[in-house]
Every structure is written in structure tokens, then in C-alpha cells.
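In this text the structure is predicted, and so the values were computed from the model without any measurement.
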Amino acid sequence: FVGDNPGLKLKASSPLFDGSNLYGFNAIRSGLHRSYGAFDSINYSASFWSSTLNYSTYSWKIEFYNENNYDNWLFTDVSNSLSLRCIKNY
């Protein structure tokens, strides 16, 4: 749990994004690749898979956007291509 304004704390700092990167997550504006072949939201948002499935063909994702400091949890078709972040437990 990162408290208030999680997007600000997890997004990369300028010029890559408009965050503070307080926790070293360093999310950058990578957008996503849709299952039908289109690239979407490049230079605007960052989308990451979660490990939690929602039904058999959907999974939760977290998105960070330009110009706001919150995160957005949505579910998306697993045939889309999103960024992946591996996290090591200590």
C-alpha cells in the first residue's frame, strides 16, 4: 500500500513521465498493444498486468495516466499485450 496519490509515487519522473518514482517502480508511458493489432496510448499511459484472473479470458490491470496522480484498476482481455513487472519478495 503506497497511500495517497499512488500514480505519482510509482510513475517515472520527468521527462519520462510526470511522477516522483518514490518507490523505484519507474513506470513509463508505454501504452499497450490491442489484440486486433493497434498500439494505443503510447506516450500517454502505462498499463501493467496483475496476476489475478477475472473469468477465464480477462485479467486485472493497473493503469497510470499523464496529468493525474491516481491509479486505475480495470479488467482487460488477456489477448491484449501490456507491460509486465516482476517483483521479488525479500
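Using a 4.5 Å cut-off between side-chain heavy atoms of Ile, Leu, Val, Met, Phe, Trp and Tyr, V2 falls into a hydrophobic cluster with L10, F17, L22, Y23, F25, F48, Y58, W60, I62, F64, W73, F75. Taking Ile, Leu, Val, Met, Phe, Trp and Tyr as members and joining any whose side-chain heavy atoms lie under 4.5 Å apart, directly or through other members, the hydrophobic cluster of I42 also contains F39.
By the side-chain hydrogen bond (donor to acceptor under 3.5 Å, both in side chains) test, D77 is found to be paired with S79, residues two or more places apart in sequence or in another chain being considered. Scanning for side chain to side chain contact (heavy atoms under 4.5 Å, CB included) contacts around S59 gives W49, S50, L53, V78, with sequence neighbours left out. Judged as a side-chain hydrogen bond (donor to acceptor under 3.5 Å, both in side chains), and not counting sequence neighbours, the contacts of Y70 are N68. By the side-chain hydrogen bond (donor to acceptor under 3.5 Å, both in side chains) test, N69 pairs with no residue at all, sequence neighbours left out. Residues meeting the side-chain hydrogen bond (donor to acceptor under 3.5 Å, both in side chains) test with S30, sequence neighbours left out: S83.
Sorted by first then second residue, the salt bridge (Lys or Arg N to Asp or Glu O under 4.0 Å) pairs that include residues 53-65, not counting sequence neighbours, are K61-E63. Sorted by first then second residue, the salt bridge (Lys or Arg N to Asp or Glu O under 4.0 Å) pairs that include residues 49-60, not counting sequence neighbours, number zero. Contacts classified as side-chain hydrogen bond (donor to acceptor under 3.5 Å, both in side chains) and involving residues 13-22 (residues at least two apart or in different chains) are given here: K11-D18, N21-N26. Residue pairs meeting the salt bridge (Lys or Arg N to Asp or Glu O under 4.0 Å) criterion with at least one partner in residues 20-32, sequence neighbours excluded, do not occur; the list is empty. For the salt bridge (Lys or Arg N to Asp or Glu O under 4.0 Å) condition, the pairs that include at least one residue of residues 30-43, sequence neighbours left out, are R34-D40.
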